[in-house]
Amino acid sequence: MPTGLPNIGVLTTRNLRPIIIASLAGIILFVLFVNQRTLHFEERILREDTYRVFQLSKEISTNIKGAVYSAAEFPYAPCSQEDLDALRDMLWSYNYLMDIGRVYNNQVVCTAGRGVLDTPWPLPPSDNRASGARHWHDEPNLLGQEITSDMALYKNTLSFTSPFVFSQPVTTETNIGIFVVPSNQQFIYRQFGDLPVSAVKKPDPPRHWLPTTDAWLKAEFCIDDPGVCTIGIKESVGFFHLKWIYQALTVFIGANIGAYTYMLFFALSARRRSLKARLKKAIVEEKMYLEYQPKYHLASGRIVGAEALIRWKDKYLGQVRPDLFIPLAEKLGLISPLTDWIIAQTLKEMTDILHRYPDFHLSINLSLQDFTRHEVLELARHHCLTHNIDPAQVIFEVTERSVVGHESMSESAHKFNYYNYQISLDDFGTGYSNLSWLTKLRADEIKVDRSFTQSIGTSSINQSMLDAIFTLIQKLKVRVVFEGIENREEVDYILSHAPQAIGQGWLMSRSISAKDLTELMEKNSQTPDIYYSVKDPVNED
Ligand code: G
Ligand code: G
Ligand code: MN
């Protein structure tokens, strides 16, 4: 196993404690979560059950009220033949009523079902009053049988509710109470579930986040006319009343979530730390190397220069892409030593080629931090002098992905011009203020971002942008490089709009070592490579 990398897979007593703390935190959070979900679920069931009872109670109350109110207004003599007939006719329209009768002197004298009674039936006592009526719950009715029913008395009219209206069980829950009460809540019409009557007095439960043993839930539905409410109460709710197997599972899962989350973060930060550490080491120990991607004058097929590109192959991390480590180096404040090394190294490596081909230009990428740093200029000058290199053969590429003020940028651009270096605006088209930049920077070259090259042949917005860029560069008379050329159609299209364009891309060459570049230059100076289609593209539109 390679040493030098953090031991993230191995548990030691030193890193056991944070894992335990993370597990505990995971348990607490997950218990809270499960408690909330459980309460939510239990509340939904309670509301559903309570609401079902409410709906039925509402209809029953409407039946009773409708029947007794209208029967009280009949114009016939009570218990006369006309009265009994009218009561019988009426009973048909109230499906929750079993019978309806007349009361005189607190005794039932006649009903629609039985006609005039031989002996009047005395009403049992009841103090339950609501909506101007007296109510009885579950009284043995006048049949004197086992059957009990609810009764309501309004003036001299008495209704008997069918005992079968709630024949279906209304809930399958335990520790539940569903109570049907009048609006004044003075007594209880009906009661379901296994909770005692006292439960109906429970107030609305507080909304607590922590699980408690005495938590309860409440649901309440009311209607004004007929004035009836249904109150559902559920006790023994929440996490502490789950089955022990679910509680154990919750603790287990919570502990795992906590521990794994911790280990994931630990592993990620360890990786980051190691990437950082290894980048620092690589820069300090000059463990990086350079490759060069040639730039071609497309119409003639001649190489006119090359761009130096940094490469890093780490022993453990493998080939790390510059788009990953350059921004990291910038963030860590390591970009200056890196750039300084690149400048020194590339000018050394390219000395021969630059001497042998005076038209050849070397492009060096700069970060924005480098561009405004005076030492870069001094350093480059120093190495140009040492190797006897003409600064005019050196191009510095800058991108504008930054918020640095334009003033300081143009100031820096002046200095580069003063030292005779060229400036190239990299990734042109991807920033936000290219035009004003172009004038401020007085760039000698622009490199059109490869997203535009790759839009050729598509009908994307970038393709339209590209056509606008062609128009622009004709006016600006600036040297233009097209990045990312991957096929001949792209070359043809570019040449038909910009005959003097320079191109860079995998069609011509990927980035190669300095040694390979030397050989390629040799070949190319004798027989240039032609990359466009055979038909004359220059005169073709
Ligand atoms: O060709 P490559 O995949 O290496 O390029 C990826 C990115 O890294 C490009 O945006 C390129 O500009 C940047 N880059 C490559 N080499 C250098 C370098 O030497 N210095 C800086 N600052 N950026 C570089
Ligand atoms: O931002 P800059 O221009 O420095 O980036 C150069 C980048 O472009 C490098 O990542 C390089 O590998 C990449 N590149 C060079 N030629 C091509 C090409 O033809 N196609 C694609 N997709 N990428 C390319
Ligand atoms: Mn570049």
Side-chain angles (χ1 to χ4, degrees), residues 279 282-283 286-296 298 303 305-313 318-350 361-373 376 379-380 394-402 404 422-431 434 443-456 462 479-491 494 501-514 517 531:
L279 178 63
I283 292 172
E286 304 188 354
K287 284 278 174 58
M288 309 216 167
Y289 63 97
L290 293 169
E291 283 188 343
Y292 297 88
Q293 190 176 30
K295 291 155 72 179
Y296 286 77
L298 290 172
I303 295 176
E307 176 183 6
L309 293 165
I310 185 87
R311 294 290 177 256
W312 175 26
K313 187 167 181 181
Q319 196 81 43
V320 187
R321 299 181 41 170
D323 357 18
L324 190 73
F325 71 79
I326 294 282
L328 185 60
E330 284 172 356
K331 226 170 41 199
L332 298 177
L334 293 171
I335 197 72
S336 313
L338 184 59
T339 304
D340 291 352
W341 177 81
I342 291 166
I343 290 172
Q345 181 69 11
T346 189
L347 287 173
K348 190 169 87 191
E349 284 179 4
M350 287 293 108
H361 289 83
L362 170 66
S363 299
I364 302 172
N365 286 292
L366 288 185
S367 288
L368 259 136
Q369 298 169 24
D370 301 321
F371 191 58
T372 46
R373 191 159 58 91
V376 167
L379 189 81
V394 179
I395 304 173
F396 286 103
E397 293 189 4
V398 261
T399 64
E400 53 146 11
R401 285 171 254 130
S402 115
V404 177
Q422 295 191 43
I423 294 174
S424 175
L425 187 52
D426 207 355
D427 303 329
F428 181 76
T430 57
N434 283 286
D444 304 276
E445 175 188 278
I446 60 178
K447 294 186 81 176
V448 179
D449 189 72
R450 67 167 175 272
S451 57
F452 298 104
T453 307
Q454 279 153 12
S455 75
I456 291 172
N462 270 0
R479 186 162 15 103
V480 189
V481 181
F482 287 85
E483 292 181 338
I485 297 177
E486 291 179 4
N487 57 55
R488 276 164 197 269
E489 291 75 57
E490 290 164 358
V491 180
I494 290 167
I502 292 166
Q504 199 181 7
W506 295 346
L507 174 67
M508 290 77 82
S509 175
R510 299 208 175 214
S511 57
I512 52 178
S513 68
L517 182 67
Y531 289 100

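Because the structure is a prediction, the values reported are computed rather than measured. Numbers for residues simply follow the sequence, beginning at 1. Note that ligands are numbered from 1 as they come in the structure, with each ligand's atoms numbered from 1 the same way.
- Residue-and-atom listing of protein N/O/S atoms under 2.8 Å from the Mn ion (ligand 3), sorted by chain and number: Glu307 OE2, Asn365 OD1, Glu397 OE1, Asp426 OD2.
- In this structure, the separation between CZ on Arg450 and CG on Asp427 is 8.0 Å, given to the nearest 0.5 Å.
- Put simply, no part of Arg510 is less than 4.0 Å from ligand 2, judged by heavy atoms.
- For ligand 1, one of its N or O atoms has an N or O atom of Ile310 under 3.5 Å away.
- Contact atoms of ligand 2 toward Gln293: 15 (C), 16 (N) (distance under 4.0 Å to a heavy atom of the residue).
- Contacts of Glu291 classified as side-chain contact (heavy atoms from CB on, under 4.5 Å), with partners at least two apart in sequence or in another chain: Tyr289, Arg311, Ser511.
- Panel note: side chain Thr339, backbone Ile335; a donor-acceptor pair is recorded below 3.5 Å.
- Contacts of Asn365 classified as side chain to side chain donor-acceptor pair (under 3.5 Å), with partners at least two apart in sequence or in another chain: Glu307.
- Between Lys447 and ligand 2, no pair of N/O atoms sits closer than 3.5 Å.
- The ligand atoms of ligand 2 that sit less than 4.0 angstrom from a heavy atom of Gly484 are 17 (C), 18 (C), 19 (O), 20 (N).
- Note on ligand 2: Arg321 sits outside its first shell, no heavy atom being nearer than 4.0 Å.
- Checked by distance only, ligand 2 and Arg450 come closer than 3.5 Å through their nitrogen or oxygen atoms.
- Screening residues 327-350 for ring-ring contact (aromatic ring centres under 6.0 Å, His included), with sequence neighbours left out, gives no hits.
- In the candidate list Ile335, Asn365, Ile342, Ile342 is nearest to atom 19 (O) of ligand 1, counting heavy atoms.
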